[in-house]
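Since the model is a prediction, treat every value here as computed from it, not as a measurement. In each ligand, atom 1 is the first atom listed, and ligand 1 is the first ligand listed.
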Amino acid sequence: MKVDVLLGLQWGDEGKGKIVDVLTPKYDIISRFQGGPNAGHTLEFEGTKHVLHTIPSGIFRDGVMNLVGNGVVIDPVIFQAELVKLKPFNLDIPSRLIISKKAHLILPTHRILDAASEVAKGKNKIGSTLKGIGPTYMDKTGRNGLRVGDIYSPRFEEKYKALVEKHEAMLKRFPDFVYNLDELEGPWMEAIEKLKELQAVDSEQYINDAIKAGKKVLAEGAQGTMLDVDFGTYPFVTSSNTVTAGTCTGLGVPPTKIGNVIGIFKAYCTRVGSGPFPTELEGEVGEKIRKEGFEFGATTGRPRRCGWIDIPQLKYAIMINGVSELSMMKADVLDNFETIQACTHYMIDGERYDYFPYDVNDVEVIPVYEEIKAWNCDTTKLRSIDDAPAELKAYVTYLEQKLEVPITVVSVGPDRTQTLSNKVIA
Ligand code: GDP
Ligand code: IMO
Ligand code: MG
């Protein structure tokens, strides 16, 4: 069997959690391969909304294993809080959740360093979720990190202290930044003890054995392609590879074992945090999309920046990821528009650009739009694409033609049931 991948094609929050939950019954294993508690993945069913940060979005379905892969960074305190929130649902967690021994740990000092560094950047700040993501990945690539497998070592405390000492020396660069490590360390150590109640595995072996045994695996991306550390709007990005290639390094899956790549995007576009966003709408229309789409961060609660769909940006993301099918999310958010717009290309210094340019941070990118007649009616009660208004069907066809990839799912609301299947993929 091959590993299917589901990932975001924009700047995150496309609705990955919802679709992973919808697709889970088709799989044996759901695995996260990068990112950490900067992610906030929302699932809704039977009238309840759930937000997951580190735990894969397959956790609510019986008979499915959820794996936190080696490419993920784990804050044990946040992880524990997520598990506590799941308690009322009586899921047998140890039988459905395992973690990689090679996943890196977010220390309290990583979070402090993240915050100090953002404050020091002033108006150039990244707009980080302040979960310690950047400093943890820095320690990973700098070969100083602590991993889940280390917590079983008799030398764990010694290793922890050595890393904290290094961080304290780094924090001297920010003399005005006040922090209290003592109050964070106790809960962190307690959460490390709790982490031991879960099974830590050699996940690359586990997953490759599973593939060999014919098990079906879905890899769940976090963030989005435009936040990828290599291919996103650097430096306004996260610190991991959010693209398909990240599945290989973040799970130990060989490239030859990658199957379907499901790219997920909103019928419009959003971004949270700083950085370029060519189709951003700062006026009334942006405000209307934010209100109708309830565009506030699932992790930080920050208002998301909103804009129209950006076709060159999506084509770029499809190219990088090798996307084989698309899910279009939040179509219902555009239910109260008579017309909508799609950016078909950009103008920079009087020249036409049909692709996402390198210097998008530094130049004035003028999006050129095509106006599209919208459906202007309620789609949230639709249960079949056949019953969809002609204008919505036409929008889907228009995007399929522009993007040259089939849209197999159209989502018309946050609930599991508000998911329309557009074409059946063999
Ligand atoms: P993720 O990070 O990609 O999993 O996405 P988030 O959970 O951060 O943000 C997506 C938000 O949109 C959540 O509040 C979802 O409940 C909601 N959502 C997902 N699909 C739809 C949809 O089709 N329509 C509407 N109105 N909301 C949706
Ligand atoms: P999900 O998985 C949207 C953004 C932050 C910031 C930048 C760097 O829910 O789609 P970091 O905390 O990684 O140092 O922040 O990336 N960001 C996200 N935006 N959705 C996310 O995850 C994000 N994770 C990080 O807002 O601009
Ligand atoms: Mg999110």
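One option in T299, D114, L227 has a heavy atom closer to atom 4 (C) of ligand 2 than any other, and that option is L227. Comparing heavy-atom distances from atom 17 (C) of ligand 1 across K330, K18, M329 singles out K330 as nearest. Scanning P414, S327, G40 for the heavy atom closest to atom 2 (O) of ligand 1 points to G40. Of the listed options E118, Q34, Q223, Q223 places a heavy atom closest to atom 21 (C) of ligand 2. Taking each of M328, R304, E44, R416 in turn, the one with a heavy atom nearest to atom 9 (O) of ligand 1 proves to be R304. With atom 4 (O) of ligand 1 as the reference point, the heavy atom nearest to it among G17, G8, G293, S57 is part of G17.
Closest protein heavy atom to atom 12 (O) of ligand 2: T129 OG1, 2.5 Å. Here the heavy atom of the protein found nearest to atom 15 (C) of ligand 1 is T42 CB, 3.8 Å. Nearest non-hydrogen protein atom to atom 13 (O) of ligand 2 is T238 OG1, 2.6 Å. Looking only at heavy atoms of the protein, atom 5 (C) of ligand 2 is closest to G127 O, 3.5 Å. Closest to atom 20 (N) of ligand 2 among all protein heavy atoms lies D13 OD1, 3.1 Å. Residue, atom and distance of the protein heavy atom nearest to atom 26 (O) of ligand 2 are R302 NH2, 2.9 Å. The protein non-hydrogen atom at the shortest distance from atom 10 (C) of ligand 1 is D13 O, 3.6 Å.
With hydrogens and angles disregarded, a donor-acceptor distance shorter than 3.5 Å links the side chain of K393 to the backbone of D386.
Checking only distances, G15 does come within under 3.5 Å of ligand 1, N or O to N or O. Ligand 2 has an N or O atom lying under 3.5 Å from an N or O atom of H41, backbone or side chain. When only interatomic distances are considered, the shortest N/O to N/O separation between V333 and ligand 1 does not fall below 3.5 Å. In terms of polar-atom proximity, S128 is counted as a contact of ligand 2, with an N or O under 3.5 Å from an N or O of the ligand. For ligand 2, the polar-atom distance check finds no N/O of A222 at less than 3.5 Å from any of the ligand's N/O atoms. In terms of polar-atom proximity, V272 is counted as a contact of ligand 2, with an N or O under 3.5 Å from an N or O of the ligand. Looking at ligand 2, you won't find any N or O of S274 less than 3.5 Å from one of its N or O atoms. Taking any N or O of D332, backbone or side chain, at least one lies under 3.5 Å from an N or O belonging to ligand 1.
Under the side chain to side chain contact (heavy atoms under 4.5 Å, CB included) test applied with L9, the options I264, L403, N321 reduce to a single match, N321.
Remark: distances from the non-hydrogen atoms of R304 to ligand 2 are all 4.0 Å or more. Proximity of E220 to ligand 1 is not established, as no heavy-atom distance is less than 4.0 Å. No heavy atom of K131 sits closer than 4.0 Å to any atom of ligand 2. Ligand 2 is approached by G40 to a heavy-atom distance shorter than 4.0 Å. Contact analysis puts G413 in contact with ligand 1, with a non-hydrogen atom separation below 4.0 angstrom. Not a single heavy atom of R271 sits under 4.0 Å from any atom of ligand 2. The closest approach between any non-hydrogen atom of T300 and ligand 2 is not below 4.0 Å.
With a 4.0 Å cut-off on non-hydrogen atoms, L43 does not touch ligand 1 at all.
Between the side chains of D335 and T379, a donor-acceptor pair is found at a separation under 3.5 Å. Under the 3.5 Å distance criterion, with hydrogens and angles disregarded, a donor-acceptor pair is assigned to the side chains of E325 and T408. In this model, no donor atom of one side chain and acceptor atom of the other lie less than 3.5 Å apart for D139 and H104. No hydrogens or angles considered: a donor-acceptor pair under 3.5 Å links the side chains of T233 and R271.
Distances from the Mg ion (ligand 3) to each N, O or S atom of D13 single out OD1 as the nearest.
Between G221 and K16, the shortest heavy-atom distance links the atoms O-CD, 3.4 Å.
E295 and R305 are not joined by a salt bridge, as no carboxylate oxygen comes within less than 4.0 angstrom of a charged side-chain nitrogen. Contact check on D13 versus R304 returns a salt bridge, with a Lys/Arg side-chain nitrogen under 4.0 Å from an Asp/Glu carboxylate oxygen.
Atom CZ of R383 has more than 12 neighbouring heavy atoms from other residues, nucleotides or ligands inside a 6.0 Å radius.
Ring orientation note: the planes of W375 and Y395 are tilted relative to one another, at an angle of 30° to 60°.
Each of the atoms 1 (P), 2 (O), 4 (O), 7 (O) of ligand 1 lies under 4.0 Å from some heavy atom of H41. Remark: ligand 1 atoms within the under-4.0 Å shell around heavy atoms of S411 are 20 (N), 21 (C), 22 (C), 23 (O).
For Y353 and Y355, the ring centers are positioned less than 6.0 Å apart.
Checking G297 against the Mg ion (ligand 3), every N/O/S atom stays at or beyond the 2.8 Å cut-off.
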